[in-house]
Amino acid sequence: MSQYQVAPAPVGPRRAARTNRAVRRPGTLTTLVWTSVISAVSAIVGAVLVFAGGNDMADENIRDVIDDHPDVVGLPSNTTAADIKSLSGPIWDELVSDRAGALAARAGFAIFTAVCLLVFTLCVRRKAATWARVFITISGVVALFPHVLILGDYEPESVMAFSFVALLTVLVAVVCAWLPATNRYARDQKTPPPPPAVPYGAPAHPGDRMPY
């Protein structure tokens, strides 16, 4: 005796259209990925400039700010450029070394947060997983600290420019990570796709017979 299986009701055009729209990647996720990458790359480039410049960059940085902001480099507030000429070699070398160390420390911290941001961006780009967005948010917030210090400490202009781009783009990335479109896309990725529509009266499996 043959067994017949009733075909499931076909999926209506409106429901199918909603399903197709749900799996489409939203612009907020694309923006999240690109701004995260730009932020990380900008931070890394700025840090590379600091490490490549070394003591020479620190020396030039001190000379640039010494007249207007001597307290930034650890000198009394009434220090002038003329006073710098009277400094002996060891004193100046120590000043440059301390400044170079401060620049390098911030640059190293910026690289660490940038690498974390890149790793979690690779994880979030396909399905916008919640855990990846949480870690992107944490990495982004932590990355703000070195960039805020850099922008507020009269560092070399090239470093400050890259730091400003990194700070601005990471803020955009954190916001995009939690916009409604991104949340909706993440939920849709967890929902299994509906079964394919079968015309009414057609056999559910190739081996089934058509009902009379």
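Index from 1, following the sequence. Not measured: the values here are computed from a predicted model.
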Engineer: Return the minimal non-hydrogen interatomic distance between V159 and I150, and the atom names on each side.
Structural biologist: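 The answer is CG1-CG2, 4.1 Å.
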Engineer: Answer yes if the side chains of R99 and N55 hold a donor-acceptor pair under 3.5 Å, and no otherwise.
Structural biologist: no
Engineer: Which is it for V115 and I111 under the side-chain contact (heavy atoms from CB on, under 4.5 Å) test, yes or no, and what are the steps along the way?
Structural biologist: CA-CA 6 Å; V115 171; I111 286 181; 4.3 Å; yes
Engineer: Step by step, work out the side-chain contact (heavy atoms from CB on, under 4.5 Å) result for E155 and L103.
Structural biologist: CA-CA 8 Å; E155 294 201 12; L103 297 178; 3.2 Å; yes
Engineer: To the nearest 0.5 Å, how far apart are SG in C176 and CG in L171?
Structural biologist: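 Atom-to-atom, C176:SG and L171:CG are 11.0 Å apart.
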Engineer: Would a hydrophobic clustering, with Ile, Leu, Val, Met, Phe, Trp and Tyr connected at side-chain separations under 4.5 Å, put V37 with I44?
Structural biologist: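 Yes; I44 is reachable from V37 via cluster members.
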Engineer: Any chance you could lay out the side-chain contact (heavy atoms from CB on, under 4.5 Å) test for V142 and F109, step after step, and finish with the verdict?
Structural biologist: CA-CA 9 Å; V142 174; F109 192 16; 3.6 Å; yes
Engineer: Are M160 and V148 linked, directly or through other ILVMFWY residues, by side chains that come within less than 4.5 angstrom of each other?
Structural biologist: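 Yes; V148 is reachable from M160 via cluster members.
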Engineer: Given the rule in the side-chain contact (heavy atoms from CB on, under 4.5 Å) test, do E60 and D56 qualify, once you have shown the distances and angles that lead to the verdict?
Structural biologist: CA-CA 6 Å; E60 183 180 356; D56 290 338; over 6 Å; no
Engineer: Atom OH in Y185, atom NZ in K127: separation rounded to 0.5 Å?
Structural biologist: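 Here the interatomic distance stands at 9.0 Å.
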Engineer: Indicate the atoms forming the closest heavy-atom contact of G54 with A100, along with that distance.
Structural biologist: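 Scanning both residues, the minimum pair turns out to be O-CB, 4.3 Å.
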Engineer: Honestly curious: do L117 and L29 fall in one hydrophobic cluster under the side-chain, below-4.5 Å linking rule?
Structural biologist: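 As far as the 4.5 Å side-chain criterion goes, L29 and L117 are connected within one cluster.
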Engineer: State yes or no: do V45 and L118 share one hydrophobic cluster built from I, L, V, M, F, W and Y residues joined by side-chain heavy-atom distances below 4.5 Å, directly or via other members?
Structural biologist: yes
Engineer: With rounding to the nearest 0.5 angstrom, report the CZ to CD distance, F164 to E157.
Structural biologist: 14.0 Å
Engineer: Between V170 and L167, which heavy-atom pair has the shortest distance, and what is it?
Structural biologist: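 So the minimum-distance heavy-atom pair works out to CG1-O, 3.2 Å.
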Engineer: Compare every heavy atom of A132 with every heavy atom of V124, then report the nearest pair and how far apart it is.
Structural biologist: CB-CB, 3.8 Å
Engineer: What's the spacing between D98 CG and E94 CD if we round to 0.5 Å?
Structural biologist: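 Here the rounded value is 5.5 Å.
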Engineer: For a quick check under 3.5 Å, do W34 and T169 share a side-chain donor-acceptor pair by atom type?
Structural biologist: no
Engineer: Spell out, as yes or no, whether a donor-acceptor pair under 3.5 Å connects the side chain of T35 to the backbone of L32.
Structural biologist: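 Present.
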Engineer: Under 30°, 30 to 60°, or over 60°: which ring-plane class applies to W131 and F120, parallel, tilted or perpendicular?
Structural biologist: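 Answer is perpendicular, since the angle exceeds 60°.
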Engineer: Can you list the steps and then say if R184 with D188 is a salt bridge (Lys or Arg N to Asp or Glu O under 4.0 Å)?
Structural biologist: CA-CA 6 Å; R184 184 166 53 250; D188 292 337; 5.3 Å; no
Engineer: Looking only at heavy atoms, which two atoms of A47 and A107 are closest? And how far apart?
Structural biologist: CB-O, 3.5 Å
Engineer: Would a distance-only check, ignoring hydrogens and angles, find a side-chain to backbone donor-acceptor pair under 3.5 Å from T113 to A143?
Structural biologist: no
Engineer: Compare every heavy atom of A43 with every heavy atom of A166, then report the nearest pair and how far apart it is.
Structural biologist: CB-N, 3.9 Å
Engineer: Taking atom types as modelled, is there a side-chain donor on T28 or T182 under 3.5 Å from an acceptor on the other?
Structural biologist: yes
Engineer: Is there a continuous path of hydrophobic side-chain contacts, each under 4.5 Å between heavy atoms, that joins V172 to F162?
Structural biologist: no
Engineer: Okay, side chain of R106, backbone of P146: is any donor-acceptor separation there less than 3.5 Å?
Structural biologist: no
Engineer: What distance do S39 atom OG and H147 atom NE2 have between them, rounded to the nearest 0.5 Å?
Structural biologist: 5.5 Å
Engineer: Within the side chain of S97, is there an N or O that forms a donor-acceptor pair under 3.5 Å with the backbone of D93?
Structural biologist: no
Engineer: Should we count CZ of F145 as having more than 12 external heavy atoms under 6.0 Å?
Structural biologist: no
Engineer: Given 3.5 Å as the limit, does a donor-acceptor pair link the side chain of N183 with the main chain of W178, or not?
Structural biologist: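 Here the side-chain-to-backbone pair exists.
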Engineer: What is the distance from atom OG of S163 to atom CG of L49, rounded to the nearest 0.5 Å?
Structural biologist: 11.5 Å
